[in-house]
Each structure stands twice: as structure tokens, then as C-alpha cells.
Amino acid sequence: MKSTANSLHGRQAVFPWVIAFLLGGSCAAFAASAGAVQNVLEEITHSGAGGRTEVVLRLAQPVEDARAFATDDPPTVVVDLPDTRNGIRERRVGIGSGLAIAASAVEAGGRTRVVIDLMGRAGFETRIEGNTVVVSIAGASGAAVATQASDPAKAVGVAAVRVGNIDFRRGPNGEGRVLVSFTGEGASADLRRVGQRVVVEFDRVELPDHFAERLDVTDFATPVQMIETRKTSSGARMEIAMEGDFEQMAYQAGNEFVVEIAPRRRDEQAEAGVARPDQPKQYVGERITFNFQDIAVRTVLQVIADQAGVNIVAADSVQGNITLRLVDVPWDQALDIILRARGLDQRRDGNVIWVAPQKEIADYEQALLDARIALQERVDLVSEYIQVNYANAEEIAKLLTDEAKTGRIGGGQDYRDQRGFLSQRGSVSYDRRTNTLLVNDTPDKVREIKELIRILDRAVDQVLIEARIVIASDSFRRELGTRFGISAGYEDRHGNVFSSTGTAAGTDRMSNLALRNRFAGRGTGLPVTQPGLGPGEGVLVPNLNDRLNVNLPVTNPAGSIALAILGQDYLLDLELSALQAEGKGEVISQPRVIAANQQQAGIKQGQEVGYVTIAPTQGPGTIPIPNVQFKDVALELLVTPTITQDRRVFLNMQVRKDEVSGFIDTSIGQVPQVDTREINTAVLVNDGETVVLGGVYEFTSREDLSKVPFLADLPGVGNLFKKRTRGDQKAELLIFVTPRIIPASTR
């Protein structure tokens, strides 16, 4: 009896024995009812080493009797436990080790029967150890293994293959891969985990001396830290030391054995079965354990189908054997490993998985594509008139026939050109007046184009951009100044005249006045040594500017005080002046503009200021040619908004604010002096949020001192010989912007 699915194979393996068991049990029911059942089957476990599998039946009490026999079609090992009740809830316990597939237990008539399904004929031994029954099933060598088991010396045998190479590599996701190559096939490997180590036993394998070493692989940044390989009495032993939480997997294809150690990931999306594009494929299948030695690939696929509860259809070209050891691995990952090891691929349709060689699947899919293309070439073309409401029909037509999207489809030498979204036979035109598209193509293509236009032809959101340019200035100036002068004229007893004032002209004036007073005094009888008044005249002195010794006044003073002292032969002039000026100013410019999504908009306001330039002379003439030029002095806002998926606005903008600050006199006229304020930036802003794009802060502080040397340094009175000026200027430029999205549905 043969079957095409492992699940069917399992049912065929159990069903005949269940019927026979129930029939036999009914005949002995009366006899069994006389006495109560004394024992209970509680657990079925298994272990494997060297290709041999041991199935352990644990009972509640010591076992007194157990009977076992084997069948060839289907291949099974049957164990009868009299006076025993079945306490195992699972109908079928998976084994997946060696030739053992699974075990089933049924109870009837006061006894329990355990049926162990096998992949093929195999020798077995049973033994009772207290409250356990151990069924030892030989490996792929069949009865020969059972025979060798009686002679340990012969069971070891002579090494048939040698280790050809031991290599270590780092996988793309940080896993460590230990690759062991053999000189031939037939090597047997058994893997188990011991704490933070993975131990691999190679049975009947010869290890060359230069491979018996310890490898430090910590620099690879994987969970694997060290690999140690050494000889044993039965072959070779490899110990792999790990760090952190990890999961191990091993598989053997041909003469290469691979152990993969991967860090354990706890990803919510992986647990939910969702794989992100930036992450490797996640496996979410039920975890299984396999230990197969040189087993047919088709048989392994049957086992996976039975364990996973899926339907696997294998092509007739799926052939060959594989040696596989997987421990606690998702079944979908185990399937991928098997397919990759044998050059196979899979296609899934619901609960059915088709497995075939990669080339066979590729050829099948290419044939389907070629058939679909051939069918399209025979389909009648249809014409559609598609009205475009919001977009531009000409731009849509260019999009549909964009040469950048032109490609070639088909297989072999039968290639077909496809222009953009149209087929080879399709065409599109447009009417600019009515904004309508005219499409001629196959019905499927026309439906695709109509759906595409339905998505693209929609009103876009708009953005109101409001900018504010604030220019604030603050100035402070304080001045203290003085004017001071002493004018005097004196004539001693010897007729010498002494005069003092602010300038040489003033001194000359005072000397002349002293001489004049001398002669005026003679006429009146006064002593000539005493300057005085002439007949009917007052005291004559130089003008004010000539009699000032210190002239440091404040320009346009806010206040001043003057003092003059006139004596018989001298005049004292003193003037104190002061000024304090404060100024504050603020200029606010507020341009606004509405722009469609991803469309540039701008607004500009200002004036053109003219000025004269001289052009170079042309020809032999030497007369310069005046030319009037104009300079834009304006407030300008240029912006391109982009609305993101999370309803924020990305602004690419330029803001400029010019201002005429004065004019410069030249030989050909005045030239304007322009203050320019400009910013170019790109910024992401929330809807309705105000953001400061930039700012400039300027601060100028200046102190000036004008003084008369030496005299100004005198304590106290030195202030009369000084002029102090202090000034502070502050200027600040701030640019604000606020975007507001105007949804298309609100207009």
C-alpha cells in the first residue's frame, strides 16, 4: 500500500491495527471486566543518537508484560500493554527522528496498543526498565544495525568518510554558520544542546589532525564564540560555545553538514506573522524536530505536510535523498531549508503548496505569461472617452505613454514592447479644449487606465502661507560739551601790553584795544598804564569765536547754559551744552499667498528706483552716453508647499525685503543705497503652526571723547576741556511663517 501524502500514510498506518485491536478487544471484554485495570500509560518520549531512535513509553507503575511486533506494509512497530489504560490526551505524538515518524496510542478491552509509524523497514529491540518500555529502532541500515547492536565493537565499525573542511561564516542577519564538509556521503551527525553549548557527534567519521583545534570566532559578532573539534573513539566531536539567547538549527545536504546559530528575536510583527520590507523573512509555523539520515526528499515533504496540516503536491521531478537534523524549527523554515538544499522552489495557493525544481516553476510561469500575452494580441480593441476634471489631459496622456516606463515583456525570442501603461497595440490622445482623453486599447488595459485616472484626477489641497517680517530698531545717544574762553588785555608801568584770548586774531584785537585805551586815557587825564574807556565808549572785546580757548559744543543741543564774567581788563566766557536722544522703531510686513500642493506661488510689492550710469563710448566719439537703470526695491515671497501624509506642510520658500536707506552722490547723479534682507530655506511645519524661519540681531555701542590734552586730565576742572558722546543702536530682524491647509472638500 502506497500513498501520496504523509497524513494519509499516517491514517493507513494506524487504521488497520485499530480495527483489529477493537475486534480482538471485544472478544476479551468479558474476561477483562472481571478484574480492574492496574496500570496507566502516561507519556511517550523519544531520543536519538547515531541514527538510532529510542521511543520511551512511561507508565504509572512498573511494567510486568509488553508484547511487540513489526509490520512491513505499512512499516510499523506495534507494542501491546495489557491491563493498561491510555492516559495520553494527544491522538498522535510526533517523533521525527531517524526512521520513526510518530506514535499513536489507543485503548480498548482493558489494554493499550502503541503503534509507531516508520518510513521504511527497520530492526528494533524492546526492553523493560521499571515503569518504562524502551523501543530501540535502528537507523537507515535496517536490520544490520540491530545485529551490530549486540556487538559494540562491530557497531562502531571503521570510518568510511573523512572531514574535508571546517569553515565558519556570518549570515546576513547576524547568525553564525558552521560548515563541515566530508570527503564522501554517509556521514552521521547527532546534535544536542547542553546549556550554552551545542554538541555535535559525528559517527564513523575520521577527523584529520589539522582539523582537531579550537577556533575563536568572537570577531564575527555572532552568538558563536568558540568552536572546538576533537577526535573520539567512534568518530569526531564538535562543541560550539555560545553567548546570549540563541536558537540552533542543523541540516545536512549531500556531503555538507551545516549548523546555524541565530540570536533569538522577540519581534511583535514576527509573532503576528507580518514581515516588514526592511527585515528578513519571518517564520511563524509550528515548531518541529527532525532527525533524518539519507531519507527521500518526497518522504520528508510528506512528514512536513502531516505535521503542519497543509497539502503539499510534489512534482514527479522531485527526487533525491537528504540528511537532515532540525531541532525546534518552524515547519515553514524547515521547508525552505529543504527546498534550498535540493534546488527546489514552492508556490502556495491557499492551503496547497506546489513543490518543483526552480527551473520547472520558472518555465511554467513564463509559459503562463506568454499565453496571456498571446491572448491579449487577439482581443478586440475598444475606445473610451475619459473626462478629466482637475488634472491636465495633456499631462495625463504623457504620463500614460512615458518612455521611461517603456519595457519589454515575453519569453524566449518572442518579446513584446509595452509603452508606459498601454499595451503594444494601445494608443491615447487628448482634446485640449474639452480636457478629454481618448483611449484605444484592450478592455483590461482600458479598465486599468480608468482606475488610474480615477485615482489621479482629484482636487488637490491648497495651502495658505502667511509670512511676517518684523524689523525692530532701538537707538540711544547722549552728548555733553562745553565752550570756554578767557580774554584779557594789560599794560604794565613800562608801557608793555599783554593780551590773551582764543585765537591770534583775537589777541591782535585785544592788543589794539589796549593801545586804543592808552590814548583814550591820556585825553581824560587817566594814567596811561590803566586801560579804560574812551570818551563815550564801552569795553571793546573780540567776537565770540575769536575769544574761545575751548570750543567743544554739542551739535544741536537739547539744552545749554552760558556764563560770562566781565572784569576791568578781562572777560570770562563759559557755555555748557547737553543732548540725549532716544528712538524706537518697528516695521512689520505681512505678505500672504495661497498655493496648490506642490505648485510654486509668489507675491511681490515694491518700487523701481532709477539711477544713471555711463555707457562706454562707441566708435571715434568721446562723448559718454548716459543710461538710466532701475533697481527693484520690493517685498517678495516665493513658496512651494508640499503636504505630507501626516498632514504637515513642507515649505521650500524664499523671502526678500528690500529698503532704500539713502542715496550716494556721484559726479553723474545720485545712486540709491539699498538695504537687502533675504532668506532661502526649506522647513517642515505642522498645520496652523507658526515657526520662526530666521533672524538677525545687531548691536552697536560707541563712545567718543574729544578733549584738550593735559588740561582735560586735571581733576574736576578738566571736565571743562572735554566733549563726551555715547551712542547705542540695536536692530533686530525676525521672519515668521504660518501655513494653513485648505482641504479640497471645503472649497
Are the charged groups of [X] and [Y] less than 4.0 angstrom apart, N to O?
X	Y	value
Arg58	Glu42	yes
Arg177	Glu175	yes
Glu365	Arg347	yes
Glu239	Arg237	yes
Asp370	Arg372	no
Arg287	Glu247	yes

What are the two closest heavy atoms between [X] and [Y], and how far apart are they?
X	Y	answer
Phe182	Phe257	CE1-CB, 3.8 Å
Lys231	Leu207	CE-O, 2.7 Å
Phe211	Gly164	CZ-O, 3.3 Å
Ala356	Val318	CA-CG2, 4.0 Å
Pro330	Gly285	CB-O, 3.6 Å
Val93	Ile44	CG1-O, 4.0 Å

Practice item. Report the C-alpha distance between Thr132 and Val63 in whole Å, list the side-chain angles of each, state the deciding distance to 0.1 Å, and finish with yes or no for side chain to side chain contact (heavy atoms under 4.5 Å, CB included). Key: CA-CA 7 Å; Thr132 62; Val63 181; over 6 Å; no
Exercise for review: Evaluate the salt bridge (charged side-chain N to carboxylate O under 4.0 Å, His left out) criterion for residues Asp336 and Arg340: first the C-alpha distance (whole Å), next the side-chain angles of each, then the deciding distance (0.1 Å), finally the verdict.
Suggested key: CA-CA 6 Å; Asp336 281 352; Arg340 185 168 62 245; 5.9 Å; no
Side chain to side chain, [X] and [Y], heavy atoms closer than 4.5 Å:
X	Y	result
Arg193	Gln248	yes
Arg214	Ile227	no
Val300	Ile322	yes
Val114	Leu57	yes
Leu344	Gln346	no
Ile338	Ile304	yes
Ile353	Val313	no
Glu54	Ile137	no

Whether the side chain of [X] engages the backbone of [Y] through a donor-acceptor N/O pair (distance < 3.5 Å, no angle test) should be reported.
X	Y	value
Glu107	Asn86	yes
Asp332	Val284	yes
Thr222	Val224	yes
Thr183	Arg162	yes
His46	Ile95	yes
Gln196	Gly244	yes
Asn351	Val310	no
Asn131	Leu59	yes
Asp345	Pro357	no
Thr84	Pro82	yes

Review point. Going through the distances and angles, do Phe202 and Thr232 end up as a side chain to side chain contact (heavy atoms under 4.5 Å, CB included)?
Key: CA-CA 9 Å; Phe202 297 103; Thr232 63; over 6 Å; no
Check your understanding: Yes or no on salt bridge (charged side-chain N to carboxylate O under 4.0 Å, His left out) for Glu129 and Arg127, after CA distance, side-chain angles and deciding distance?
Key -> CA-CA 7 Å; Glu129 298 178 353; Arg127 64 181 184 273; 2.6 Å; yes
Point to revise | Stepwise side chain to side chain contact (heavy atoms under 4.5 Å, CB included) check, Glu213 with Arg230 | key: CA-CA 7 Å; Glu213 60 180 355; Arg230 63 177 181 270; over 6 Å; no
What do you reckon, is [atom1] of [X] surrounded by more than 12 foreign heavy atoms closer than 6.0 Å?
X	atom1	value
Gln319	CD	yes
Glu43	CD	yes
Asp219	CG	no

Say you draw a straight line from [atom1] of [X] to [atom2] of [Y]; how long is it, rounded to the nearest 0.5 Å?
X	Y	atom1	atom2	result
Ile116	Ser104	CD1	OG	10.0 Å
Arg111	Asp65	CZ	CG	11.0 Å
Leu215	Met226	CG	CE	9.5 Å
Glu360	Trp354	CD	CH2	5.5 Å
Phe168	Asp216	CZ	CG	10.5 Å
Leu118	Thr76	CG	OG1	6.5 Å

Check your understanding: Do Ser136 and Arg52 have side-chain N/O donor and acceptor atoms under 3.5 Å apart?
Key ->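 Indeed, the side chains of Ser136 and Arg52 share at least one donor-acceptor pair under 3.5 Å.
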Exercise for review: Tell me, please, whether Phe220 has Arg169 positioned over its six-membered ring: NZ or CZ under 6.0 Å from the ring centre and within 45 degrees of its axis?
Suggested key: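 Because its charged atom misses either the 6.0 Å distance or the 45° angle limit, Arg169 does not stack over Phe220.
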Practice item. Please test Val134 against Thr126 for side chain to side chain contact (heavy atoms under 4.5 Å, CB included), starting from the C-alpha separation and ending with a verdict. Key: CA-CA 5 Å; Val134 180; Thr126 60; over 6 Å; no
Exercise for review: Would you check, one step at a time, whether the test salt bridge (charged side-chain N to carboxylate O under 4.0 Å, His left out) holds for Asp306 with Arg92?
Suggested key: CA-CA 11 Å; Asp306 183 66; Arg92 185 176 175 84; 3.4 Å; yes
Check your understanding: Does the pair Arg113 and Asp80 meet the rule for a salt bridge (charged side-chain N to carboxylate O under 4.0 Å, His left out), with working shown?
Key -> CA-CA 5 Å; Arg113 171 166 289 183; Asp80 282 340; 2.5 Å; yes
